[in-house]
Participant: 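Before I ask anything, here is the structure I am working with.
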Amino acid sequence: MPTQPVRKAVIPAAGRGTRFLPFTKAVPKELAPIVTTPAIELVVAEAAAAGVTDVLFVVSPGKGAIADYFGTDDDLAQALRAKDKQAELASIEAPTRLARTHFVDQLDPKGLGDAVAHAADFAAGEPVAVLLPDDVMDERDELLRPMLDVYAEYGGVVVGLLDVGPDEISSYGCVVPDDGADLKADVVPLADLVEKPAKQDAPSTLAIIGRYVLPPEIFAALESTAPGAGGEIQLTDAMLALRHSGVPVHGVVFRGRRYDTGNKLEYVKAVVQLAARHPDVGKEFRAWLREYEPDAD
Ligand code: G1P
């Protein structure tokens with residue numbers, strides 16, 4: 001059966017951002033800037049570049065700044081125009097032009113599966129891409145687009161995969177390739193999925209990173225998914241239920257550059273790496289960085 005094109009994306013953004021307190025007391029963590037661009041804009045730009053036209057943000061009360069950021073600001077635009085600040089004007093208009101944006105509140109967050117379940121009406125029978133905004137992919141390295149190609153070929157579920165090694169795997173959904181699958185290939189059919197296994201129980205070191213393409217059937221599967229790891233409704237469990245009912249599940253192995261903005265240390269590294277190639281400050285920042293000697297105290 002031919003698959004439908006994927007035009008809709010879901011971005012779960014209801015979390016409290018506890019790891020980034022006190023900043024997140026006032027500002028959603030998704031708006032934490034990479035130099036001047038919030039990480040979430042980079043993620044929406046990635047979806048738009050892959051052909052997505054409509055983005056649903058699953059948010060919680062207190063996250064209205066995300067809607068402000070992707071909305072227009074006529075007063076600010078007028079003020080910038082009056083001062084002929086064209087670059088700044090373009091920068092505030094860029095996020096408003098990427099896609100049509102939609103919002104739904106997740107009032108009582110019960111996990112990633114619960115967040116995605118909130119997109120059922122938005123999906124309206126179509127497949128959706130899900131992008132977790134903590135994961136930023138380097139714009140030179142594509143992941144979502146090849147995942148959409150795999151969806152067009154096989155249908156079913158497609159997840160982004162990264163070999164994270166044995167020490168990190170317990171923080172992720174972990175996958176088991178089909179018997180006989182070529183592990184060196186970029187596209188791997190998957191037999192099993194386990195959410196956050198203990199290091200010693202992990203069946204592989206291949207982790208699901210924050211990119212998914214999900215068929216319309218995922219919403220019925222989520223409805224009958226009981227709380228799993230951590231007492232949360234796990235998207236991993238709903239995808240596995242689909243696999244058990246005969247729906248193909250493929251992983252696309254990412255070999256590019258990924259920035260994890262979800263914890264303090266990785267966020268700081270992401271900012272440094274992306275600042276080093278930023279068009280305004282990159283050259284000078286690289287020169288400074290070469291000379292910089294951190295003071296251990
Ligand atoms: C979620 C998923 C997990 C996935 C991870 C990717 O976990 O449940 O399967 O590997 O995202 O970032 P979370 O990071 O929300 O705990």
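Every number for a ligand or one of its atoms is a count from 1 in the order of the listing.
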Participant: Check for a donor-acceptor pair, side chain of Ser204 on one end and backbone N or O of Val176 on the other, with a separation under 3.5 Å.
Facilitator: no
Participant: Measure the distance from atom 6 (C) of ligand 1 to every protein heavy atom, then report the residue, atom name and distance (to 0.1 Å) of the closest one.
Facilitator: Ile208 O, 3.4 Å
Participant: Could you tell me whether some N/O pair between Ser171 and ligand 1 is separated by less than 3.5 angstrom?
Facilitator: no
Participant: Evaluate the 4.0 Å heavy atom contact test for atom 14 (O) of ligand 1: does a protein atom fall under the cut-off?
Facilitator: no
Participant: Any nitrogen or oxygen of Leu112 lying under 3.5 Å from a nitrogen or oxygen in ligand 1? Just yes or no.
Facilitator: no
Participant: Report the part of Leu132 in contact with ligand 1, treating N, CA, C, O as backbone and CB onward as side chain, heavy atoms under 4.0 Å; options are side chain, backbone, both, neither.
Facilitator: side chain
Participant: With atoms numbered from 1 as shown, which atoms in ligand 1 lie under 4.0 angstrom from a non-hydrogen atom of Tyr212?
Facilitator: 2 (C), 4 (C)
Participant: Which of the atoms of ligand 1 are close to Gln234, meaning less than 4.0 Å from one of its heavy atoms?
Facilitator: 8 (O)
Participant: If I take atom OG1 from residue Thr37 and atom CG from residue Leu42, how far apart are they, to the nearest 0.5 angstrom?
Facilitator: 6.0 Å
Participant: Which heavy atom of the protein is the closest neighbour of atom 16 (O) of ligand 1, given with residue, atom name and distance?
Facilitator: Lys196 NZ, 2.6 Å
Participant: Show me the donor-acceptor pairs, under 3.5 Å and distance only, between side chains in residues 144-155 and residues at least two apart or in other chains.
Facilitator:
{"residue": "Arg145", "atom": "NE", "partner": "Glu142", "partner atom": "OE2", "Å": "2.8"}
{"residue": "Arg145", "atom": "NH2", "partner": "Ala49", "partner atom": "O", "Å": "2.9"}
{"residue": "Arg145", "atom": "NH2", "partner": "Glu142", "partner atom": "OE2", "Å": "3.4"}

Participant: Examine Glu195 against ligand 1 and note whether any of their N/O atoms are separated by less than 3.5 Å.
Facilitator: yes
Participant: Going by the order shown, which atoms of ligand 1 are within less than 4.0 Å of some heavy atom of Thr236?
Facilitator: 9 (O)
Participant: Under 4.0 Å from any heavy atom of Gly173, which atoms of ligand 1 are there?
Facilitator: 3 (C), 4 (C), 9 (O), 10 (O)
Participant: Between Arg243 (side chain) and Leu190 (backbone), is there a donor-acceptor pair under 3.5 Å?
Facilitator: yes
Participant: Mind listing the side-chain donor-acceptor pairs of residues 206-214 below 3.5 Å, one per line with the distance, residues two or more places apart or on another chain?
Facilitator:
{"residue": "Arg211", "atom": "NE", "partner": "Glu46", "partner atom": "OE1", "Å": "3.2"}
{"residue": "Arg211", "atom": "NE", "partner": "Glu46", "partner atom": "OE2", "Å": "3.0"}
{"residue": "Arg211", "atom": "NH1", "partner": "Leu132", "partner atom": "O", "Å": "3.2"}
{"residue": "Arg211", "atom": "NH1", "partner": "Asp135", "partner atom": "O", "Å": "3.4"}
{"residue": "Arg211", "atom": "NH2", "partner": "Glu46", "partner atom": "OE1", "Å": "2.7"}
{"residue": "Arg211", "atom": "NH2", "partner": "Asp135", "partner atom": "O", "Å": "2.6"}

Participant: Roughly how far apart are Phe70 CZ and Leu31 CG, rounded to 0.5 Å?
Facilitator: 7.5 Å
Participant: Quick one: does Asp138's side chain get under 4.5 Å of Arg277's, heavy atoms only?
Facilitator: yes
Participant: Would you say Asp141's side chain and Arg257's backbone share a donor-acceptor pair under 3.5 angstrom?
Facilitator: yes
